[in-house]
Amino acid sequence: MIEVVNPEETGKRTLNFIEQIVENDLAAGKNGGRIVTRFPPEPNGYLHIGHAKAICLDFGIAKRYGGTCNLRFDDTNPVKEDVEYVDSIMEDIQWLGFQWDNLYYASDYFGQLYDFALDLIKRGLAYVDDQSAETIAQQKGTPTTPGINSPYRDRTPEENLDLFTRMQAGEFEEGSRVLRAKIDMAHSNMHFRDPLMYRILKMSHHRTGDTWNVYPLYDFAHGQCDFFEGITHSLCTLEFEVHRPLYDYFVELLKGEDNYKPRQIEFNRLNITYMVMSKRKMLQLVKEGRVAGWDDPRMPTLCGLRRRGYTPESIRNFVDSIGYTKYDGVIDVGLLEHSIREDLNKRAPRVSAVLNPIKLIVTNYPEGQVEWNATDINPEDKALGTRDVPFSRALYIERDDFMIDAPADYYRLSVGREVRLKNAYIVRCTGYETDAEGLVTTVTCEYLPETKTGQANAKHKVKGTIHYVSTSHCLDAEVRLYDRLLTVANPAEEKDRDFMDMLNPDSLTVLTHAKVEPVLAAAKTLDSFQFTRLGYFNVDPDSTSDRLIFNRTVSLKDTWGKIAGKRAQ
RNA sequence: UGUCUCAUGGUGUAAUGGUAGCACUGCAGUUUUUGGUACUGCCUGUCUUGGUUCGAAUCCAGGUGAGACAACCA
């Protein structure tokens, strides 16, 4: 019988194809019932939401089946890697809500890998090649034409042993020699055409210092590291499918009589519409200053999403909802937005904020009078209670909440029409003023005292309720609005266009004259709120007590905006 | 003229030879002191051609389309 440790945790009743494989292996008694997975990031960049998908799977499988999941930094290339990234990767994994059972580095296995290489040389299965990278590439052939053998291919094991140990001793220059597996230069799988195992790199490694002058390449490291570590299920993305036969080849030579063998399984990587998801492209955006950094709220990095206001729960729910298959598709960004709205709707306190303010003067309300009216902190969770918000004669309202010539289905302010001011009174619009350009600056209205919230006057109904802040109580704030980074849904389809030409010039809009409720003076960095009727916003790390700065995580769904938008076309 | 892989509504994902379901989106409506939320209903799908079978999204064969692979990257 299969013991499912946390079946209810995911709430899913159907298994994805990887879980099915795991359960079959368990049922067959494979590996003595052990389940060991690993998350193997290269410490050469920041984690993004695509990594989150892998993390949820690697850690999720281990958790669900009572196994273990290791964090293993794949640090085989000191040229590209840096400790700087190690810390941010660990932070992001923990922020997402996962904890590794063991922390390893591929470099922990350099000794064992080196010994295995010596063994393969002795068995006549590896040789030292003295040719240049260019020559070796030329000899590789193409997917449809076979390659040709290196002239150094038939060196004796003794000679290879001598040369390889001298490579490691530092006797040769970088690029002058490599160690290659001797397999088949005409193999239909390009990766079998005598793949490179080791190259000379005279660079200090962030963990092993100057111990090594030769470093293993991915194909000679990953599978063996999995083996050394006792990994049972090595989960990776689809592009490694063609590497699997080579993975198996090396592990087979390594494992001896043992029955145990790690199994590589590939799943589809994450693509999301209007997003850039490759490390190379993200790096370019950062380097060319098209975004403010790796944690720019427009970036799909975990630190960027965090700064944007995404919660770990919302990301986990999103990942859970998209599943794991072998179909290489593109997820609609709307699904990601839905996951954060769903989460924040339940937990974000409501506050009032006016992004594009115009004045609303309640002409029949006494000057100097202030009422503090109770309002729900979150109507989805009444247990959170209420807080008091000020109401007075002079208010700010959204520019969008007044129209000079309004259509019948516009439920907001226009001369002669009535709306409710949230948690206060119903007002009737009496007039407006404009500046020299004809832009509305002030709207006037009269309030109906008998319509105050909470009073038993159910007769008087209005279609619309709008929000406001009191001019003498509100705080100034900067609000940063974000839009999709790309103008194109699926950049992979635009084969002849550079993605830098598809950047949305309006991906960031900075509003410097927003007005917010006084209670926000106490908000802390990264706190999330719903700005009533507008969207979810959080406090940016740039924010100070003198200068409040908010990021729009995501807007609320906007039915009126949709109607108005269609009409404008 | 290679190897490997994939193909179910607009998007993603189930159905493991036996009623094509779910989520998101879209549309319509109910509720609402957020044009939010919640709730209800609706639209839309098995790439194609054969075969096996009482029965095929599922198995088999051919086609079509898409992706990955030719770094001293991972």
Side-chain angles (χ1 to χ4, degrees), chain A residues 12-16 20 40-42 44 74 76-77 79-81 106 129 132-133 136-138 140-147 174-180 187-193 196-201 215 217-219 221-222 236-245 266 268 273 279-280 321-339 341-342 345-346 350 352 375-376 379-380 409-412 419-424 426 451 453-454 461-467 489 492 530-535 555-564:
Chain A
K12 276 203 295 191
R13 48 212 76 124
T14 58
L15 267 28
N16 65 49
Q20 286 174 36
E42 184 186 16
N44 74 339
D74 214 342
T76 57
N77 187 357
V79 177
K80 288 190 174 178
E81 295 147 9
D129 196 331
S132 69
I136 289 174
Q138 277 167 16
K140 253 206 169 144
T142 71
T144 51
T145 58
E174 278 187 20
S176 63
R177 284 182 168 83
V178 290
L179 183 70
R180 300 177 72 178
H187 202 285
S188 56
N189 183 336
M190 295 289 290
H191 296 283
F192 275 76
R193 321 247 262 224
L196 274 59
M197 295 161 58
Y198 271 93
R199 78 286 219 193
I200 301 171
L201 251 30
Y215 290 90
L217 282 117
Y218 171 84
D219 281 317
H222 203 94
C236 62
T237 44
L238 249 26
E239 66 268 30
F240 291 98
E241 223 154 21
V242 220
H243 293 251
R244 185 175 2 108
E266 311 85 12
N268 57 346
T273 54
K279 267 190 208 172
R280 201 202 95 240
S321 70
I322 59 177
Y324 298 86
T325 66
K326 302 186 77 136
Y327 178 71
D328 191 19
V330 188
I331 307 287
D332 192 324
V333 68
L335 197 53
L336 179 63
E337 293 177 345
H338 171 261
S339 73
R341 283 193 188 104
E342 185 181 44
N345 177 50
K346 288 179 301 197
R350 271 61 178 177
S352 289
T375 183
D376 286 329
E380 300 294 313
D409 58 355
Y410 181 78
Y411 305 146
R412 308 177 188 182
V419 297
R420 175 170 291 281
L421 296 178
K422 191 163 173 59
N423 295 106
I426 291 175
T451 61
T453 293
K461 294 268 185 197
V462 287
K463 275 285 216 180
T465 297
I466 66 171
H467 67 282
Q530 184 195 103
F531 286 1
T532 303
R533 299 208 303 137
L534 299 175
S555 67
L556 249 31
K557 291 216 300 196
D558 181 8
T559 307
W560 171 249
K562 211 184 287 177
I563 295 166

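Protein chains get the first letters and strands the later ones, always in sequence-line order, with residue 1 at the start of each. This structure is a prediction, so every number in the text was calculated from the model and none was measured.
For the pair His338(A) NE2 and U11(B) P, the computed distance is 19 Å after rounding to whole Å. When rounded to the nearest whole Å, the span between CG of Asn345(A) and P of G35(B) equals 14 Å. Atom pair Met190(A):CE and A68(B):P shows a separation of 15 Å (rounding to whole Å applied). One interatomic measurement links the two molecules: CG of Asp219(A) to C1' of A74(B), which rounds to 9 Å at whole-angstrom precision. Rounded to an integer number of Å, the gap from Tyr215(A) OH to C73(B) P is 13 Å. Atoms CZ (Arg199(A)) and P (C73(B)) sit 4 Å apart, rounded to a whole Å. Distance, Gln530(A) CD to G35(B) P: 10 Å, rounded to whole Å. One can place CG of Leu335(A) at 12 Å from P of G26(B), the figure rounded to the nearest angstrom.
In RNA chain B, stems built from 3 or more consecutive Watson-Crick or G-U wobble pairs, each with both distances under 3.5 Å, span B:2-7 with B:64-69, B:10-13 with B:21-24, B:26-30 with B:38-42, B:47-51 with B:59-63.
Ranking A70(B), A14(B), G36(B) by closeness to the Thr142(A) side chain, first place goes to A70(B). Proximity note for Lys80(A) (side chain, C-beta onward) versus C69(B), C73(B), G36(B): the nearest is C73(B). The side chain of Ala137(A) approaches A71(B) more closely than any other nucleotide in the set A71(B), C69(B), U25(B). Distances were taken from every side-chain heavy atom of Ile136(A) (C-beta onward) to each of A14(B), C72(B), U33(B); the shortest belongs to C72(B). When each of U37(B), A15(B), G35(B) is scored by its nearest atom to the side-chain atoms of Thr559(A), the top-ranked nucleotide is G35(B). In this structure, of G12(B), U37(B), A74(B), it is A74(B) that holds the atom nearest to the side chain of Glu81(A). In this structure, the nucleotide among U33(B), A74(B), G36(B) sitting nearest to the side chain of Arg420(A) is U33(B).
For Glu241(A), the side-chain hydrogen bond (donor to acceptor under 3.5 Å, both in side chains) partners are Lys326(A), not counting sequence neighbours. Under the side-chain contact (heavy atoms from CB on, under 4.5 Å) criterion, Gln20(A) pairs with Leu15(A), sequence neighbours left out. For Thr325(A), the side-chain hydrogen bond (donor to acceptor under 3.5 Å, both in side chains) partners are Asn268(A), not counting sequence neighbours. Annotation: salt bridge (Lys or Arg N to Asp or Glu O under 4.0 Å) contacts of Arg199(A) (sequence neighbours excluded): none. Among residues two or more places apart in sequence or in another chain, the salt bridge (Lys or Arg N to Asp or Glu O under 4.0 Å) test is passed with Arg193(A) by none. Shown here are the side-chain contact (heavy atoms from CB on, under 4.5 Å) partners of Thr465(A), two or more places apart in sequence or in another chain: Arg420(A), Lys422(A). With sequence neighbours excluded, the residues forming a side-chain contact (heavy atoms from CB on, under 4.5 Å) with Tyr411(A) are Asp409(A), Lys463(A), listed by chain and number. Taking Phe240(A) as the reference, Tyr218(A), His243(A) meet the ring pair (Phe, Tyr, Trp, His ring centres under 6.0 Å) condition, with sequence neighbours excluded. Scored by the ring pair (Phe, Tyr, Trp, His ring centres under 6.0 Å) test, His338(A) finds no partners at all (sequence neighbours excluded).
For His243(A) against A74(B), a side-chain-to-base donor-acceptor contact under 3.5 Å is present. Checked by distance alone, Arg350(A) brings a side-chain donor or acceptor within 3.5 Å of a matching partner on the base of U34(B).
Atom P of U37(B) sits at a distance of 8 Å from the matching atom of U25(B), rounded to the whole Å. Comparing the P positions of G12(B) and A71(B) gives a spacing of 31 Å, expressed to the nearest Å. For the P atom pair drawn from C22(B) and A66(B), the interatomic distance equals 33 Å after rounding to whole Å. Here, C6(B) and G63(B) have their C1' atoms 16 Å apart, quoted to the whole Å. One P atom belongs to C24(B), the other to C42(B), and the distance between them is 16 Å to the nearest Å. Nucleotides G21(B) and C43(B) place their P atoms 12 Å apart, quoted to the nearest Å. Comparing the C1' positions of A56(B) and G17(B) gives a spacing of 7 Å, expressed to the nearest Å. For the P atoms, the distance linking A23(B) with G62(B) amounts to 39 Å, nearest Å.
Neither OP1 nor OP2 of U34(B) sits under 4.0 Å from any side-chain N or O of Thr465(A). An OP1 or OP2 oxygen of C73(B) is reached within less than 4.0 angstrom by no side-chain nitrogen or oxygen of Thr76(A).
In this structure a side-chain-to-backbone donor-acceptor pair under 3.5 Å is present from Thr453(A) to Ala424(A). Checking side-chain atoms of Thr451(A) against main-chain N and O of Ile426(A) turns up a donor-acceptor pair under 3.5 Å.
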Any N/O pairs under 3.5 Å between the protein and nucleotides 41-48 of chain B? List them or say none.
none

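Closest approach of Lys140(A) to Met190(A), counting heavy atoms only: O-CE, 3.9 Å.
Across all strands, Leu556(A) comes closer than 4.0 Å to base atoms (heavy-atom distances).
A salt bridge does not link Lys80(A) with Glu42(A): none of the charged nitrogens is closer than 4.0 Å to a carboxylate oxygen.
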Sequence-aligned protein contact record of nucleotides 3-10 of chain B, with B where the base is within under 4.0 Å of a protein heavy atom and S where only the sugar-phosphate is: SSSSS---

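The aromatic ring of Tyr218(A) is not stacked on the base of A74(B), since the criterion of ring centres less than 5.5 Å apart with planes inclined by under 30° is not met.
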